[in-house]
Amino acid sequence: MESRGLRPLMAVVIWWWWLISPAVSDPQTNLLNQGCSTYNVTNLSDFYTNLNATFSDLETQLNNNKLFDTAERTRSGDSVYAMVQCRNYMSAEDCLACFADAQSLIRRCGAANGARVIYDGCFLRYESSSFYDQTTLAGNAPICGNDTASQVTAFQSAVEGLIADLEVATPRINRFYAAYKMEVVGGGGATVYGVAQCAETASQTACQECLQVAKSNINSCLPSKNGRAIDAGCFLRYSDVAFFADNQTTNITPFLQKGGSNKKKAIIGGVVGGVGIVLIIVVLLLWYRTYRSSRKAKLASTGDLLGVTELQGPVNYSYNDLKTATRMFSEENKLGEGGFGDVYKGHLKNGKIVAVKKLFIGQTDGAKANFESEVKLISNVHHRNLIRLLGCCSKKSELLLVYEYMANSSLDKFLFGKLSSSS
Ligand SMILES: *[C@@H]1O[C@H](CO)[C@@H](O)[C@H](O)[C@H]1NC(C)=O
Ligand SMILES: *[C@@H]1O[C@H](CO)[C@@H](O)[C@H](O)[C@H]1NC(C)=O
Ligand SMILES: *[C@@H]1O[C@H](CO)[C@@H](O)[C@H](O)[C@H]1NC(C)=O
Ligand SMILES: *[C@@H]1O[C@H](CO)[C@@H](O)[C@H](O)[C@H]1NC(C)=O
Ligand SMILES: *[C@@H]1O[C@H](CO)[C@@H](O)[C@H](O)[C@H]1NC(C)=O
């Protein structure tokens with residue numbers, strides 16, 4: 001009798017609890033970006049063992065109240081390097097819930113050897129090689145809201161100020177994270193909220209560079225009421241609505257002073273009028289040129305991480321390894337001769353059997369670069385009627401292509417262009 005009378009009361013209590021609790025708990029799993037590498041792993045059981053172990057390591061660390069961690073398994077065949085990061089305003093429970101969602105989404109990539117998920121609240125990524133120091137990569141992008149702020153000019157300058165401050169302060173703050181809010185001057189009491197974050201494994205300079213790119217991306221969202229900028233190793237977000245608690249804002253003021261400007265002035269003052277200034281200009285010009293070319297090289301060598309496709313996978317084999325594998329390209333390892341070169345069977349040190357094609361093509365530097373980008377492209381194509389190109393090797397005038405070895409005749413057709421003798 002009594003328990004029946006309590007039921008409505010309990011229902012009210014539960015309803016009331018439910019009503020107020022969403023504000024307390026929010027894993028922020030609004031999806032911003034997701035992608036799978038196009039290159040599948042070679043040994044499924046090794047891969048899943050490694051993937052599961054790294055994810056379970058990450059989960060353990062999040063259970064210990066950490067909000068950022070990396071984990072890797074590199075012992076056997078298909079290595080896995082993984083990274084998780086929650087925005088630092090997330091509670092431990094929300095961070096774990098966000099990670100759980102990211103994990104189930106990233107597992108839809110199956111046996112892809114790399115994948116990532118970016119939510120508002122957290123970020124999860126794994127690859128077959130280390131990427132912990134990566135920050136800005138091709139594919140970085142803004143994600144803008146649809147609604148436009150009403151007080152355009154006031155709102156725009158508030159957000160620009162907020163983002164500029166976050167850009168300067170965040171790389172100087174321990175753990176590369178800051179949450180900040182700013183009043184919209186002349187905006188009728190409105191406030192804008194912003195968060196900036198870099199991967200904790202990045203260098204300070206790399207964090208700076210990444211946020212600089214993110215800043216120009218996110219500023220392109222204005223005058224939208226909210227915007228985000230995503231990249232491999234940093235994140236920026238602003239909104240006219242609070243997405244973290246008031247008492248979670250970072251005191252960024254101490255980090256805003258432009259460090260080093262006084263020193264610069266003193267040095268310049270000391271050499272003005274002397275021959276020194278000429279030397280400095282020469283040195284600066286030289287430095288700028290090398291800086292630019294090294295930056296270019298860096299950009300060219302990285303894939304389109306956050307875009308639709310991510311090309312990776314082909315291995316640059318060492319010439320000596322291939323020589324050993326084919327017993328110095330011996331006659332008995334020769335599988336046949338084709339239009340562009342001879343094909344040899346090779347036993348790699350890791351036990352894998354491959355077919356090595358030795359090309360007879362004269363090469364210039366340009367041809368070599370073309371060759372390598374072509375290999376990268378082709379090795380990402382998987383089709384049951386194609387044999388898989390695993391990688392390449394170039395040494396002076398010799399170009400070698402390494403294919404999966406198949407004991408049946410389709411190999412001959414493909415490698416030799418026409419049917420010919422083979423063993
Ligand atoms: C995968 O690797 C394990 C050893 O790590 C080996 O026992 C197994 O045979 C391999 N599987 C395939 C399909 O190569
Ligand atoms: C890895 O974890 C998934 C999901 O928890 C599970 O289905 C799978 O059997 C595990 N694989 C290995 C090799 O442990
Ligand atoms: C990779 O494996 C998945 C299944 O795990 C498959 O759906 C996908 O087509 C494969 N991708 C390639 C490029 O082979
Ligand atoms: C913005 O508009 C696009 C296209 O109309 C829509 O697909 C998207 O869901 C909208 N985004 C938001 C945050 O409302
Ligand atoms: C921030 O405020 C919330 C209530 O709004 C409180 O539960 C929490 O303990 C506060 N956190 C800190 C660090 O003061």
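Just follow the structure's listing: the first ligand is 1, and inside any ligand the first atom is 1.
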Geometric N/O contact Asp46 with ligand 1, under 3.5 angstrom: yes
closest protein heavy atom to atom 11 (N) of ligand 1 is Asn43 ND2, 3.0 Å
When you measure from the centre of the six-membered ring of Phe68, is the NZ or CZ of Arg175 closer than 6.0 Å and no more than 45° off the axis? no
Determine the interplanar angle of the Tyr177 and Tyr89 rings, folded into 0 to 90°, and report it as parallel if under 30°, tilted if 30 to 60°, perpendicular if over 60°. tilted
Heavy-atom protein contact below 4.0 Å for atom 9 (O) of ligand 1: no
Note: Ala232 and Phe123 closest approach over all heavy atoms is O-CZ, 3.6 Å
Short check: is a protein heavy atom less than 4.0 Å from atom 13 (C) of ligand 1? no
Would you mind finding which of Asn50, Asn52, Leu51, Leu44 brings a heavy atom closest to atom 6 (C) of ligand 2? Asn52
Report yes or no: does Gln85 contribute a side-chain atom to a donor-acceptor pair with the main-chain N or O of Cys234 at less than 3.5 Å? no
Rounded distance (nearest 0.5 Å) linking atom OG of Ser91 with atom CD of Gln248: 9.0 Å
Counting each atom of ligand 2 from 1 as listed, which ones have a heavy atom of Arg107 under 4.0 Å away? 1 (C), 2 (O), 3 (C), 4 (C)
